[in-house]
Colleague: 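Below is the structure I would like to discuss, written out as structure tokens.
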Amino acid sequence: MRILSEFVEGFDTLADLPPAVSVFGSARSKPDSPECELARRLGGALASAGYAVITGGGPGVMEAANRGANEAGGLSVGLGIELPFEQGINEWVDMGIDFRYFFARKTMFVKYAQAFVVLPGGFGTMDELFEALTLVQTGKVTRFPVVLMGTAYWSGLLDWLRGTMAAESKIGPADLDLMCVTDDVDEAVQYIIDADAALAAEQEALKEAAAAQAEARS
Ligand SMILES: C/C(=C\CNc1ncnc2c1ncn2[C@@H]1O[C@H](COP(=O)(O)O)[C@@H](O)[C@H]1O)CO
């Protein structure tokens, strides 16, 4: 079955990926747009911090993030999707996989990334953002940093989330804190590094507590 083989190929190809960050954003942005410029700098900064950069492998913001990572000597990953108007995986991708099913592809974005960074985009980008937030809100993934970049673009949505969605109790007030909103590439990368360190410390503490319990029982 095609969908199963997409999971198998994804797991096989990405199994040895170093720590990675998934970057989302518009397929339609022009290479000289502010968001592509930001995405390129972000890709470079993530690569310099030791993260592989995973995108949808398409044009626009995806290509810019892949380009930044590739130019900085990092690992640039593209999870392409078969579309009727598909343009193929962009030229800055070192490791590319083509998917027919959004569902299998989305699993890879989450399973193999330590964080999501979301730049301005359309329906596809919104789908990816809200899927990530739902996974974190419901505890299906723990301590998964979500960074929104391009503050002017997001401000209207954030006002609505605060003023309508949270105000009418459709989300909790703390749910808005699940996102870091910034235009500063260094702040975005540091937020991810700090979240990674906090998670590692938490896991270490759990391991030590389990070892101490086992010791006490023996
Ligand atoms: C629209 C055009 C090409 C589309 N090609 C895509 N290739 C890869 N990934 C895509 C593509 N289109 C959407 N995606 C995914 O959704 C996000 C962008 O969608 P948006 O609606 O443009 O915000 C992106 O993160 C991808 O994962 C021809 O220009």
Colleague: Do you reckon Leu14 sits in the same ILVMFWY cluster as Met62, going by side-chain contacts under 4.5 Å, direct or chained?
Modeller: no
Colleague: Is there a donor-acceptor pair closer than 3.5 Å between any side-chain N or O of Ser33 and the backbone N or O of Ser29?
Modeller: no
Colleague: For the residue pair Pro18 and Ala52, what are the closest heavy atoms and their distance?
Modeller: CG-CB, 4.1 Å
Colleague: Between Phe99 and Phe7, is the ring centroid distance below 6.0 Å?
Modeller: no
Colleague: Decide whether Leu199 and Val141 are clustered together by the hydrophobic rule: side chain heavy atoms of Ile, Leu, Val, Met, Phe, Trp, Tyr closer than 4.5 Å, transitively.
Modeller: no
Colleague: Is there a path of hydrophobic side-chain contacts, each under 4.5 Å between heavy atoms of I, L, V, M, F, W or Y residues, that connects Met108 with Val8?
Modeller: no
Colleague: Is Leu42 isolated, or which residues cluster with it under the ILVMFWY side-chain rule of less than 4.5 Å, directly or via members?
Modeller: Val21, Val23, Leu38, Leu46, Tyr51, Val53, Val61, Val117, Leu119, Val147, Met149, Val185, Val189, Tyr191, Ile192, Ile193
Colleague: Give, for atom CH2 of Trp160 and atom CE of Met165, the distance between the pair rounded to the nearest 0.5 Å.
Modeller: 3.5 Å
Colleague: When clusters are formed by joining ILVMFWY residues with side-chain heavy atoms under 4.5 Å apart, either directly or through shared neighbours, do Val110 and Leu75 land in the same one?
Modeller: yes
Colleague: Ion pair present between Arg67 and Glu63, side-chain N to carboxylate O less than 4.0 angstrom?
Modeller: no
Colleague: Are the charged groups of Lys207 and Glu204 less than 4.0 angstrom apart, N to O?
Modeller: yes
Colleague: Just how far is it from atom CG of Leu135 to atom CG of Leu178, taken to the nearest 0.5 Å?
Modeller: 11.5 Å
Colleague: Do you see a donor-acceptor pair shorter than 3.5 Å between the side chains of Asp186 and Gln190?
Modeller: no
Colleague: So which atom in Asn66 and which in Gly57 form the shortest heavy-atom distance, rounded to 0.1 Å?
Modeller: OD1-CA, 4.1 Å
Colleague: Between Lys106 and Tyr101, is NZ or CZ placed under 6.0 angstrom from the six-membered ring centre and within 45° of the ring axis?
Modeller: no
Colleague: Evaluate the side-chain contact (heavy atoms from CB on, under 4.5 Å) criterion for residues Phe103 and Ile3: first the C-alpha distance (whole Å), next the side-chain angles of each, then the deciding distance (0.1 Å), finally the verdict.
Modeller: CA-CA 9 Å; Phe103 173 66; Ile3 191 159; 3.8 Å; yes
Colleague: Less than 4.0 Å between a side-chain N and a carboxylate O, is that true for Glu82 and Arg105?
Modeller: no
Colleague: Hey, do the aromatic rings of Phe109 and Phe24 have their centres closer than 6.0 Å?
Modeller: yes
Colleague: Should Trp92 and Ile97 be regarded as members of a common hydrophobic cluster, given that ILVMFWY residues are connected when their side-chain heavy atoms come within less than 4.5 Å of each other, either directly or indirectly?
Modeller: no
Colleague: Should the heavy atoms of other residues, nucleotides or ligands under 6.0 Å from CZ of Phe11 be counted, would the total exceed 12?
Modeller: yes
Colleague: Apply side-chain contact (heavy atoms from CB on, under 4.5 Å) to Leu161 and Leu176, showing your working.
Modeller: CA-CA 8 Å; Leu161 292 177; Leu176 292 168; 3.7 Å; yes
Colleague: Is there a donor in the side chain of Ser76 and an acceptor in the side chain of Asn70, or the other way round, less than 3.5 Å apart?
Modeller: no
Colleague: Which hydrophobic side chains are connected to Met1, either touching it within the sub-4.5 Å cutoff or through other members that do?
Modeller: Leu4
Colleague: Using every non-hydrogen atom in the two residues, find where Ile89 and Gly78 come nearest and quote the distance to one decimal.
Modeller: CD1-O, 3.8 Å
Colleague: Going by atom types alone, do Asp196 and Gln114 pair a side-chain donor with an acceptor below 3.5 Å?
Modeller: no
Colleague: Does Asp32 offer a backbone N or O that forms a donor-acceptor pair with the side chain of Glu37 under 3.5 Å?
Modeller: no
Colleague: What distance do Asp175 atom CG and Arg162 atom CZ have between them, rounded to the nearest 0.5 Å?
Modeller: 13.0 Å
Colleague: Please report the closest heavy-atom contact between Gly121 and Met126, naming both atoms and the distance.
Modeller: O-CE, 3.6 Å
